[in-house]
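The structure appears right after this line, and notes come after that.
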Amino acid sequence: MSHAGLELADVHKRYHAVQAVRGVSLTVGQGEFFSLLGPSGCGKTTTLRMIAGFAQPSSGRIVLDGQDITALPPEKRNLGMVFQNYAIFPHMRVFDNIAFGLQVRKGESASTAQKVKASLEQVGLAGYEDRYPRQLSGGEQQRVALARALVVEPKLLLLDEPLSALDKRLREEMKYWIKDLQSRLGITTVYVTHDQSEAMTLSDRIAVMNKGRVEQLGPPREIYEQPATRFVSGFIGESNMLEGRVTALEGQQAVVALGDTQVRARVLRPVQVGQSVTVMVRPENVVLGAAAGTLAWPAPIGQIIGEIYQGAIIRYEIQLPGNVKLIAESHNTSEREVFPVRANVPAGWSADSGVVLIE
Amino acid sequence: MSEERGLGMPVVFRFGAIVALSFLIVPMLIIVLAGLTAGGYLKFPPEGLSLRWVLAFLGLGPGSYVASTGAAGATTVFIRAFGFSFLLAALSTLASLALGTMAALTLTRHDFPGRAFIQSFFLSPLMLPGIVIGLALFIFYRAAGLGLSRSFTGLLIGHIIICTPFVIRTVSASLYNFDLSLEEAARSLGASPLQTFRQITLPLIMPGITAGSIFSFIVSFGQFDVTVFLAIPEQQTLPLTIFDHLRFHSDPIPAAAGIFAIVLVIVSLLVTARSGDLKAFAGFGKT
Ligand SMILES: Nc1ncnc2c1ncn2[C@@H]1O[C@H](COP(=O)(O)OP(=O)(O)OP(=O)(O)O)[C@@H](O)[C@H]1O
Ligand SMILES: [Mg+2]
């Protein structure tokens, strides 16, 4: 990264007995939309709060635009933050909420009113100046919170689960709206969420966190298609996790024995023959019947033991020899092959869409 | 707003509420009527109504008390006591506000060993009988030899000790459900800790502070048992003056003084009631 926006170097945070964050290192590029994704309690908020300056790292450094800000108080960092509950000042009108950042910096000036107006227009709330927060809907409060954070032209925008308080419809709508606004402004953004679909849709890159560590860092596609660990593949999307042992290595592929069944998968990290591993395959990559017959490796024959109709998608549950269960999903198109329950069919995947996981 | 909430309550409860209210209001009515008597004695029911004693209390009006006792301005004694109690209450309130707010902030915002103990220690003057506090201070002032004994400062300190817990209570109540992310938002927008306190925290805990000042003022103004021990030679408070007067006289002037005290309280409540702080004061609903 040539011009790094934000850098975290081996940041730790402990609260008494709790190690909330254990050595997070990452770099967020200028203008990048970066997400911290992980389950509850994995340290996302703590990491964000250290970036914002609300919590002090126990060790490690935080650098913004080349300046070490680890010891700077929040008001000196020039960051915009949107809180999960929006934290709109309840005793101030929308105008004063948005003007707050401008006013504490330089005092009220002629340009304040103009900037507030422009920023309200930007978030689609023109004419809301005189409303009080309690007179706003959740979505509107969220926009005010964003306008308030952005009007001071921060170097970095921090968002902590900003959509979690909204209902599903609005959440979808705001998701695209935020993405659009962010790319129009080109502002470097760190977004915290436990919702993988949000992170996938919005982010340029994602850091998947677990127990205070970053388990994997990369663009959404890489995280989804080449998960580094069992945790990541289990947390992001749905996956078949098949326990087995490596019996042979052929270039970038491994042959893995799942009991009596031999399957193939990609090797992303060094493994040895004989090693216990997990083969990860996404249900949508499992092919059945004739399609499985055309794979470059002999697909095992399994029995269809269940079928779930989901409209656009059909889910099959398949049993492979050696009591290995496999979920397959196929699109419910008119030309799809139909498999009756209890039928024996070849089931497999292209070797590249299976991934060998060690950890 | 006469909005009904919930499913209503048993009729007995309303009856109970009326009884409780009567116990609060009847003594006040009796004092007011006794102070408005046309007769010469403190008694109930009054012998006809007049403003005679109210005017006498103010040092106005004919047939005033001054003449009947011959004492130089016994009425001015009451006026001066009233003024002194007012000043004492105002100063105690200001000091308790400053101390109580800081204590409440520390107690609600910081976790430290022994916090629960310190919390109950700070609130203990609410539970201890005034006699005990008064006696303790009396002995302490004498022993400490700091010149606090029988001094205005000593008296003021006594009142501050009594009043501060009320401020701690009401301010803590408004701090408990205070959303800390509001302060963080302000900080990240560039506000210094002081700016954040003045522009965000203070306005939002104002209901607690107002409620605390009302409590504090009323408590100091009517304080008797602690004051007895700390009384100073130069000037007595209104409650002590009333008490002294009742011991040696039988005229209704203390009742007239009582009218003024009641009016003072009602006015201060009305003034603050408009801001909606009274609910917090009474502990009803959220602010
Ligand atoms: N102020 C604090 N004092 C003590 N422990 C804390 C504090 N803040 C966070 N923790 C602990 O640190 C860990 C990480 O918390 P954090 O809030 O960062 O999680 P999170 O990933 O944001 O989770 P969520 O999705 O539930 O918000 C948790 O175990 C939490 O209990
Ligand atoms: Mg969180």
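Convention: sequence-line order gives letters A, B, ...; per-chain numbering from 1.
Between chain B and the residues G101(A), P74(A), A52(A), the most heavy-atom pairs under 4.5 angstrom are made by P74(A). Ranked by heavy-atom pairs shorter than 4.5 Å toward chain B, the options A145(A), G80(A), G53(A), P90(A) are led by P90(A). Ranked by heavy-atom pairs under 4.5 Å with chain A, the first of P193(B), A186(B), S192(B), P203(B) is A186(B). Of the listed residues (N78(A), V152(A), L158(A), N85(A)), the greatest number of heavy-atom pairs within a distance under 4.5 Å of chain B belongs to N85(A).
Heavy atoms closer than 4.5 Å to chain B are found in the side chain of R49(A), but not in its backbone. Only the side chain of R105(A) comes within contact range of chain B, judged by heavy atoms closer than 4.5 Å. Interface remark: E183(B) contributes no atoms to any contact with chain A (heavy atom separation under 4.5 Å). Heavy-atom distances place the side chain of Q195(B), and not its backbone, under 4.5 Å from chain A.
Residues in residues 157-207 of chain B take part in these ring-ring contact (aromatic ring centres under 6.0 Å, His included) pairs, two or more places apart or across chains: F166(B)-F215(B). Residue pairs satisfying the ring-ring contact (aromatic ring centres under 6.0 Å, His included) criterion with at least one member in residues 26-48 of chain A, sequence neighbours excluded, are listed as follows: F33(A)-Y191(A).
Counted within 6.0 Å of NZ on K179(A), heavy atoms from surrounding residues, nucleotides or ligands total more than 12; the atom is thus considered enclosed. Within 6.0 Å of atom CZ in F121(B), 12 or fewer heavy atoms from other residues, nucleotides or ligands are found, so the atom counts as exposed in its surroundings. Summarising the local packing, CD of E121(A) is surrounded by more than 12 heavy atoms from other residues, nucleotides or ligands at distances under 6.0 Å. Residue-environment remark: CZ (R77(A)) exceeds the threshold of 12 foreign heavy atoms within 6.0 Å. Within 6.0 Å of CD in Q56(A) there are more than 12 heavy atoms belonging to other residues, nucleotides or ligands. Dense packing is recorded around CZ of R171(A), with more than 12 heavy atoms of other residues, nucleotides or ligands lying under 6.0 Å away. F86(B) CZ: 12 or fewer foreign heavy atoms inside a 6.0 Å radius.
Pairing each heavy atom of M92(A) with each of Q199(B), the nearest pair is CE-O, 3.8 Å. Nearest heavy atom pair, residue V104(A) against residue A191(B), reads CG2-N, 3.8 Å.
No side-chain donor-acceptor contact under 3.5 Å links R187(B) to the backbone of P73(A).
Scanning residues 94-116 of chain B against chain A with a 4.5 Å non-hydrogen threshold yields no residues. Identified by a heavy-atom distance below 4.5 Å to chain B, contributing residues of residues 131-144 of chain A are lacking entirely.
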Step-by-step side chain to side chain contact (heavy atoms under 4.5 Å, CB included) determination, L189(B) to E75(A): CA-CA 6 Å; L189(B) 286 166; E75(A) 64 269 25; over 6 Å; no
Working for side chain to side chain contact (heavy atoms under 4.5 Å, CB included), residues S188(B) and F54(A): CA-CA 9 Å; S188(B) 74; F54(A) 304 142; 3.8 Å; yes
Test side chain to side chain contact (heavy atoms under 4.5 Å, CB included) applied to L204(B) and F89(A), step by step: CA-CA 9 Å; L204(B) 290 173; F89(A) 308 133; over 6 Å; no
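At least one side-chain heavy atom of F100(A) sits less than 4.5 Å from a side-chain heavy atom of I200(B).
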